Novice: 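Starting off with a structure, shown below.
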Number of protein chains: 2
Amino acid sequence: MTNVMMKHDDLYKIIWMSRPLMQAAETLVEQGLQGTGLTVRARAVLEILLRHGSLSVPDIAVHLEIKRQYVQVMVNETLAEGLTRKQDNPRHRASPLIALTGKGEQLIARVTERELEIVAALGAELNPDEVRTTLQVTSALLQKMKTAVKEERE
Amino acid sequence: MTNVMMKHDDLYKIIWMSRPLMQAAETLVEQGLQGTGLTVRARAVLEILLRHGSLSVPDIAVHLEIKRQYVQVMVNETLAEGLTRKQDNPRHRASPLIALTGKGEQLIARVTERELEIVAALGAELNPDEVRTTLQVTSALLQKMKTAVKEERE
DNA sequence: GTCAGATTGACATGTATGATGTCAAAATAT
DNA sequence: ATATTTTGACATCATACATGTCAATCTGAC
């Protein structure tokens with residue numbers, strides 16, 4: 001078998017591994033959320049706000065790549081629990097910025113810290129250079145797949 | 001920043017990339033299925049049968065890691081369309097083996113061949129050694145995550 | 001400034017992919 | 001032989017979104 005054929009086979013396996021990988025990851029996240037009262041979707045909102053600062057609902061939807069209508073539901077949950085609050089939006093008076101409250105910020109900071117610890121444990125035996133290579137390859141692959149999807153749609 | 005911290009950060013990114021990766025992959029698969037009349041779930045059943053030969057419904061469920069009740073629905077679809085047929089199961093008379101028909105085998109062979117072509121195009125610029133490394137790292141990561149999930153449950 | 005078109009929150013409804021529960025028939029284990 | 005398990009079949013539920021619509025508000029071109 002040629003090297004090139006093996007590469008395609010490897011790529012095929014990598015692609016089909018993305019689903020079990022994601023499922024395992026999300027199950028781990030769920031377990032990490034036990035006791036925090038957070039849902040996975042609330043966690044997603046808080047993390048975006050932690051990383052990017054205050055954003056409007058449509059902005060969050062762009063980051064999460066899901067529809068604003070669904071983000072609205074998620075955000076309303078976090079507002080109800082006092083994890084976020086509305087701020088005036090200078091760019092659009094009817095669309096407030098959603099900001100983390102102190103409570104929300106502490107919570108999401110604790111959660112992501114804990115997740116990083118778990119990741120550290122998972123990666124204990126992995127070679128840093130190989131991990132770096134993996135990140136580069138999967139990033140490139142994702143880019144190419146997104147482009148391919150767009151092209152087919154035209 | 002130390003090498004080790006960078007590794008954890010890379011790993012974290014890889015893990016969170018699994019969802020967009022999977023979504024892009026599944027969108028591509030859907031596009032490849034256009035015109036075949038196949039649904040994504042019917043395709044999954046046919047592919048398992050192509051790779052592992054005739055299997056009972058519960059066997060397929062083990063491979064797909066979903067509940068047998070749902071697999072039953074998927075299999076019934078493929079039976080109705082003449083893509084699979086029931087065979088006597090020597091190990092369990094009430095649970096027939098599901099086998100590909102000629103029609104089903106041709107169809108799934110064509111579909112997977114086409115998918116491999118798309119993968120080949122995607123991977124054109126990727127280094128085979130790096131792809132190999134990526135497969136090894138993601139496989140190891142998946143293993144570790146599954147183990148971690150099990151351990152937390154105990 | 002005004003008016004057409006876009007953006008937004010809110011709400012209702014639809015859909016895909018499963019999980020879960022239950023039952024009766026059949027098979028298997030003891 | 002009988003207790004236990006497996007299986008197909010069917011019904012119900014849950015989650016994670018997408019889609020459609022409306023009224024309010026905003027923006028941009030004139």
Side-chain angles (χ1 to χ4, degrees), chain A residues 16 18-20 22-27 29-31 33 38-48 54-80 84-99 149 153, chain B residues 16 18-20 22-27 29-31 33-34 38-45 47-48 54-80 84-99 149 153:
Chain A
W16 286 110
S18 64
R19 172 176 270 275
M22 183 212 67
Q23 285 175 334
E26 299 202 342
T27 305
V29 168
E30 276 173 44
Q31 289 184 346
L33 255 33
L38 274 183
T39 62
V40 175
R41 56 204 225 171
R43 180 209 165 282
V45 167
L46 299 188
E47 203 216 346
I48 294 288
S54 304
L55 294 172
S56 71
V57 168
D59 289 339
I60 297 173
V62 170
H63 282 291
L64 292 179
E65 294 182 74
I66 55 181
K67 298 290 157 185
R68 67 182 177 84
Q69 286 90 337
Y70 187 53
V71 172
Q72 190 79 49
V73 174
M74 297 158 70
V75 165
N76 287 348
E77 271 180 24
T78 65
L79 284 168
T84 57
R85 66 193 152 80
K86 295 180 182 175
Q87 272 181 347
D88 281 354
N89 183 353
R91 299 185 49 195
H92 201 303
R93 210 184 316 170
S95 185
L97 294 176
I98 309 301
V149 166
R153 260 206 282 263
Chain B
W16 285 108
S18 65
R19 170 176 273 274
M22 183 212 68
Q23 285 174 333
E26 300 201 343
T27 304
V29 167
E30 275 172 46
Q31 290 184 346
L33 255 32
Q34 298 279 349
L38 273 182
T39 63
V40 175
R41 53 203 228 172
R43 182 210 165 281
V45 167
E47 203 216 347
I48 294 288
S54 303
L55 294 172
S56 70
V57 168
D59 289 338
I60 297 173
V62 170
H63 281 291
L64 292 180
E65 296 182 74
I66 53 181
K67 298 289 157 185
R68 67 181 177 83
Q69 286 91 335
Y70 186 53
V71 171
Q72 189 79 49
V73 174
M74 297 158 69
V75 165
N76 287 348
E77 271 180 25
T78 66
L79 284 168
T84 57
R85 66 192 152 80
K86 294 180 183 176
Q87 271 181 349
D88 281 354
N89 183 353
R91 298 184 49 194
H92 200 299
R93 213 183 312 169
S95 186
L97 295 176
I98 309 301
V149 167
R153 260 206 283 263

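We use all heavy atoms of the structure for the numbers below, so side chains are in, but hydrogens, waters and symmetry mates are not. Letters A, B, ... mirror the listed sequences (proteins, then strands); counts begin at 1. As the structure is a computational prediction, the values presented were derived from the model and not from experiment.
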Novice: Can you spot which of B/Ile48, B/Val57, B/Leu55 makes a side chain to side chain contact (heavy atoms under 4.5 Å, CB included) with B/Ile98?
Specialist: B/Val57

Novice: Taking atom C1' of D/dA18 as reference, at what distance in whole Å does atom CD of B/Glu30 sit?
Specialist: 13 Å

Novice: So which heavy atom on B/Asn89 is nearest to which on B/Ser95, and how close?
Specialist: ND2-O, 2.9 Å

Novice: Taking atom P of D/dA18 as reference, at what distance in whole Å does atom CD of B/Glu26 sit?
Specialist: 14 Å

Novice: For the residue pair A/Val75 and A/Tyr70, establish whether any side-chain heavy-atom pair is separated by less than 4.5 Å.
Specialist: no

Novice: Could you check whether any side-chain heavy atom of B/Glu77 comes within less than 4.5 Å of a side-chain heavy atom of B/Val45, counting everything from C-beta outward?
Specialist: no

Novice: How close or far is atom C1' of C/dG9 from atom CD of A/Gln87, stated in whole angstroms?
Specialist: 18 Å

Novice: Which atom names give the shortest non-hydrogen contact between B/Pro58 and B/Arg68, and what distance separates them?
Specialist: CA-CB, 4.3 Å

Novice: How many Å lie between CG on B/Asp59 and P on D/dG8, as a whole number?
Specialist: 9 Å

Novice: Here's a test of your reading of the structure: between A/Gln72 and A/Gln23, which maps to the more 5' nucleotide of DNA chain C?
Specialist: A/Gln72

Novice: What is the distance, to the nearest angstrom, from the CE atom on B/Met22 to the C1' atom on C/dT17?
Specialist: 11 Å

Novice: Nearest whole angstrom, please: distance from the P of D/dA18 to the CG of A/Leu64.
Specialist: 10 Å

Novice: For the residue pair B/Glu26 and B/Val40, establish whether any side-chain heavy-atom pair is separated by less than 4.5 Å.
Specialist: no

Novice: Return the nearest nucleotide to the side chain of A/Ile66; candidates are D/dC17, D/dG8, C/dG9.
Specialist: D/dC17

Novice: A/Met74 has an atom CE; how far is it from atom P of D/dA18, in whole Å?
Specialist: 10 Å

Novice: Rounded to the nearest Å, what distance is computed from the CG atom of residue A/Asp88 to the C1' atom of nucleotide D/dT25?
Specialist: 15 Å

Novice: May I ask you to test the B/Gln87-B/Ser54 pair for a side-chain heavy-atom distance under 4.5 Å?
Specialist: yes

Novice: Assuming nearest nucleotide by heavy-atom distance, tell me which of B/Ser56 and B/Arg19 is located more 5' along DNA chain D.
Specialist: B/Ser56

Novice: So, OP1 or OP2 of D/dG8: does either fall under 4.0 Å of a side-chain N or O from B/Asn76?
Specialist: no

Novice: Minimum heavy-atom separation for A/Met74 and A/Ala44, please, with both atom names.
Specialist: CE-CB, 4.4 Å

Novice: Indicate the atoms forming the closest heavy-atom contact of B/Pro90 with B/Leu97, along with that distance.
Specialist: CD-CD1, 4.4 Å

Novice: Could you spell out the base pairing of DNA chain D as a dot-bracket line? Use Watson-Crick and G-U wobble contacts where both distances are under 3.5 Å, [ ] for crossing pairs, | for partners on a different strand.
Specialist: ||||||||||||||||||||||||||||||

Novice: Could you run down nucleotides 20-30 of chain C 5' to 3' and tag each one B, S or - for protein heavy-atom contact under 4.0 Å?
Specialist: BBB---SSS--

Novice: What nucleic acid atoms does A/Val73 come within less than 4.0 Å of, heavy atoms only: base, sugar-phosphate, or nothing?
Specialist: nothing

